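Inspection log for the structure reproduced underneath, given as structure tokens.
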Amino acid sequence: MNLGFLVGFFGVLILSHAAYSTIQYRGLLKIMEEEFSRPPINVILELIIGLALCMWAALTFPGKFLSIHPDSDENRAVSLPDNSDFMIFNHRGRLFPPEIEMKF
Amino acid sequence: MLVSSSKITRAREMVTKTEEKQLNQLEIQVDNGGGGTWEYLCLVRNLKLRRSEKVLKHGSSILNDPRKRSALGPYEWTLNEQVAIAAMDCQCLGVAQSCIKALQKKFPGSKRVGRLEALLLEAKGLWGEAEEAYASLLEDNPLDQAIHKRRVAISKALGKPSIAIELLNKYLELFMADHDAWRELAELYLSLQMYKQAAFCYEELILSQPTVPLYHLAYAEVLYTIGGVENIISARKYYAATVDLTGGKNTRALLGICLCASAIAQLSKGRNKEDKDATAAPELHSLAAAAVEKEYKQKAPDKLQLISSALRILKT
């Protein structure tokens, strides 16, 4: 868990650094009165690395993913709840009450 | 004792495999003296299972210990109710009485406690007094579902299923969406061998909850019991639907398919070849048989030969 958290932290850090560089680059272009088409190559590379790190962290940090299929081996129906609204008490088991004592 | 970590699982319409595994694990753990008693009791309550002996034993051990009882906080009263009902089921009426008395002291004049008292009268076998108690409770709130259902249960306990069916039908005219009641009606009809009416009840259940495979299974079994080629063809369809919804792990449905296939082959002996080919489904049959053998190889290998020879006889 810790590794995922660290990697995610660095990924977010890299992304924010890329954002800051892009803003600075735009400021520079405004001074030189040129048009802004796309950020420089190194910022794009930084963006791709940040994306990869954040995606890896997002998949590993939350832990085990649960299945959503209703017919998967964990989610399949095994039995229905016993209908206890209509439960009756005169069954054979009433002749063998367990020995329980109450102290209150 | 971790009361704050009671993961209150949502109450579901059916019990899944993970929940069953968790329940069995907790049961073994609690029986051997390990902790987790409160989680076990919560799980049994949420899954609405009827484990009265265990609930009584472990619930009363918590209630008898004043330290553990106070650690529960407000959940003490839900535990009292749960233990009271479990005690009535095990016929420990003294325990039930003391639980109900504690609840009465805490919540005087409560309808829920009044229902529990009437339930205690039922458990004691005083059917007349129980009926009167329910009638008086119904005067105050005539649309209380639980009380109507208890009246049906009283007729069932007295061995009068026809009266129980009448009462249940009247109840279902008012509360048509109550699945438990439809299930109960289907079982009552089955006990009287009124299969067509039971099939109707299961149809209602499948309409309202098409994703629960066990209703499809029950409907298929009723159709198979009624008999006749058309019904058995429909039964085979519903067995196949069950197999689909449970990911192929329901052995009963797989065996049902094999039995249906053999029954159809026998019943359509007199027909001509085209009719027979239209109703037969050889791939389905052989796939189901293979799946059954695989299950047996995994879970009961010593019975594999028995089931293989049975399936071979069904195929011919």
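As the structure is a prediction and not an experimental result, all values here were calculated from the model. Just so we're on the same page: letters track the sequence lines, and every chain starts at 1.
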Q | Nearest-0.5 Å distance that lies between atom OG1 in B:T211 and atom CG in A:D71 | A |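 Rounded to the nearest 0.5 Å, the OG1-CG separation comes to 11.5 Å.
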
Q: Could you tell me the separation between the CZ atom of B:R45 and the OG atom of A:S84, rounded to the nearest 0.5 Å?
A: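 Going from the CZ atom of B:R45 to the OG atom of A:S84 covers 12.0 Å.
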
Within the supplied structure, the quantity of interest is the number of heavy atoms (other residues, nucleotides, ligands) at a distance under 6.0 Å from [X] [atom1]; does it exceed 12?
X: A:I68; atom1: CD1; result: no
X: A:Y20; atom1: OH; result: no
X: B:E53; atom1: CD; result: no

Q: Pick whichever of A:N83, A:I100, A:D73 has the most heavy-atom pairs under 4.5 Å with chain B.
A: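 Highest number of pairs under 4.5 Å: A:N83.
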
Using distance only, find each side-chain donor-acceptor pair of residues 212-220 of chain B under 3.5 Å and give its atom names and separation, not counting sequence neighbours.
residue : atom : partner : partner atom : Å
B:Y215  : OH   : B:Q209  : OE1          : 3.4
B:H216  : NE2  : B:P210  : O            : 3.0
B:Y219  : OH   : B:E203  : OE2          : 2.6

Q. With a 4.5 angstrom heavy-atom cut-off, which part of A:P70 approaches chain B: side chain, backbone, both or neither?
A.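 For A:P70, the contact with chain B is made by the backbone alone.
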
Q: Check step by step if side chain to side chain contact (heavy atoms under 4.5 Å, CB included) holds for A:D82 and B:L49.
A: CA-CA 5 Å; A:D82 312 325; B:L49 298 172; 4.0 Å; yes

Q: Heavy atoms only, distances under 4.5 angstrom: which of B:D180, B:I154, B:I85 has the most pairs with chain A? Name it, please.
A: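 Going by pairs under 4.5 Å, I would pick B:D180.
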
Q: Could you check which of B:M88, B:K101, B:R183, B:K156 has the highest count of heavy-atom pairs closer than 4.5 Å to chain A?
A: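 Ranked by contacts with chain A, first place is B:R183.
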
What part of [X] lies closer than 4.5 angstrom to a heavy atom of chain A: side chain, backbone, both or neither?
X: B:A87; answer: neither
X: B:A157; answer: both
X: B:L168; answer: side chain
X: B:E20; answer: side chain

Q | Whether B:T246 side chain and A:R76 backbone form a donor-acceptor pair below 3.5 Å | A |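 Pair absent, no side-chain N/O of B:T246 close to backbone of A:R76.
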
Q. Which members of residues 85-95 of chain A, sorted by number, sit under 4.5 angstrom from chain B on a heavy-atom basis?
A.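 Residues in range: A:D85, A:F86, A:M87, A:I88, A:F89, A:N90, A:H91, A:R94.
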
